[in-house]
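By convention here, the first residue in the shown sequence is residue 1. Everything numeric here is computed off the predicted structure, so don't read it as measured data.
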Amino acid sequence: MTRNRLYTIVMIGTISGLFYFLYSFYRNPETGISWCLFKNATGYPCPSCGTTRAMKHLVQAEFHKALVTNPLSYLMALVLFIVPVWVGYDAITRKSGFFQWYQNGETLIRKRPIAFLFIGLILANWIWNIFKKL
């Protein structure tokens with residue numbers, strides 16, 4: 001993947017995520033509408049269910065509630081609030097810091113032990129989401 005393509009995809013994704021977060025932050029929670037296709041189809045939460053609610057807790061400095069709601073919220077908050085700034089900085093200064101970091105991360109994740117670690121963490125989070133709802 002080229003630098004410009006990655007930066008375009010990342011910026012579209014993070015800006016869309018920020019707009020969705022702002023929309024969900026100010027919408028009425030009484031509507032009862034779930035956007036999670038997995039949960040709507042199966043009745044069970046997906047590994048990322050609760051991330052938006054948990055990020056609301058982070059913004060309101062309720063760190064323990066965020067952790068209990070969905071631990072992935074900390075990672076998602078970093079992505080949504082730091083990555084666009086980093087990519088914007090690279091675009092303005094014509095540097096490739098984020099691109100190099102992405103390439104290094106991709107190389108690291110391709111190693112089996114690291115991949116299994118990440119898969120295990122996602123599965124653990126999914127199990128947490130399922131059992132806290134029961």
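- V59 places none of its side-chain heavy atoms less than 4.5 Å from the side chain of M55.
- R112 is linked by a salt bridge (charged side-chain N to carboxylate O under 4.0 Å, His left out) to nothing, counting only residues two or more places apart in sequence or in another chain.
- Within the model, atoms OH of Y44 and SG of C49 stand 13.5 Å from one another, a figure rounded to the nearest 0.5 Å.
- Under a 4.5 Å side-chain heavy-atom criterion applied to ILVMFWY residues, the cluster that includes L117 comprises L121 as well.
- With N129 contributing its side chain and P47 its backbone, the two residues share a donor-acceptor pair below 3.5 Å.
- Annotation for F118: hydrophobic cluster partners, listed by chain and number, are L108, I109, I114 (ILVMFWY side-chain heavy atoms under 4.5 Å, direct or chained).
- Partners of R110 according to the side chain to side chain contact (heavy atoms under 4.5 Å, CB included) rule, which considers only residues two or more places apart in sequence or in another chain, are E106.
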Counting only pairs under 3.5 Å, give me each side-chain donor-acceptor contact of residues 72-86, with atom names and distances, residues two or more places apart or in other chains.
unit_1 : atom_1 : unit_2 : atom_2 : d
S73    : OG     : N70    : O      : 2.9
Y74    : OH     : F63    : O      : 2.8

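- Listed by chain and residue number, Y20, R27, W35 satisfy the side chain to side chain contact (heavy atoms under 4.5 Å, CB included) test with Y23 (two or more places apart in sequence, or in another chain).
- Counting heavy atoms from C-beta outward, Y7 and T2 have side chains that stay 4.5 Å or more apart.
- Taking Ile, Leu, Val, Met, Phe, Trp and Tyr as members and joining any whose side-chain heavy atoms lie under 4.5 Å apart, directly or through other members, I92 forms no hydrophobic cluster with any other residue.
- Applying the side chain to side chain contact (heavy atoms under 4.5 Å, CB included) rule to L123 yields the partners I119, W126; only residues at least two apart in sequence or on another chain are considered.
- Applying the side chain to side chain donor-acceptor pair (under 3.5 Å) criterion to E62, with sequence neighbours excluded, gives H57.
- Although no hydrogens or angles enter the test, the distance criterion places no donor-acceptor pair under 3.5 Å between the side chain of K65 and the main chain of L58.
- I122 and I127 are not part of a single hydrophobic cluster, where members link through side-chain heavy atoms under 4.5 Å apart.
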Donor-acceptor contacts under 3.5 Å from residues 94-103 side chains, at least two apart:
unit_1 : atom_1 : unit_2 : atom_2 : d
S96    : OG     : R3     : NE     : 3.0

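- Legend: residues meeting ring pair (Phe, Tyr, Trp, His ring centres under 6.0 Å) with Y89, ordered by chain and number and at least two apart, are absent.
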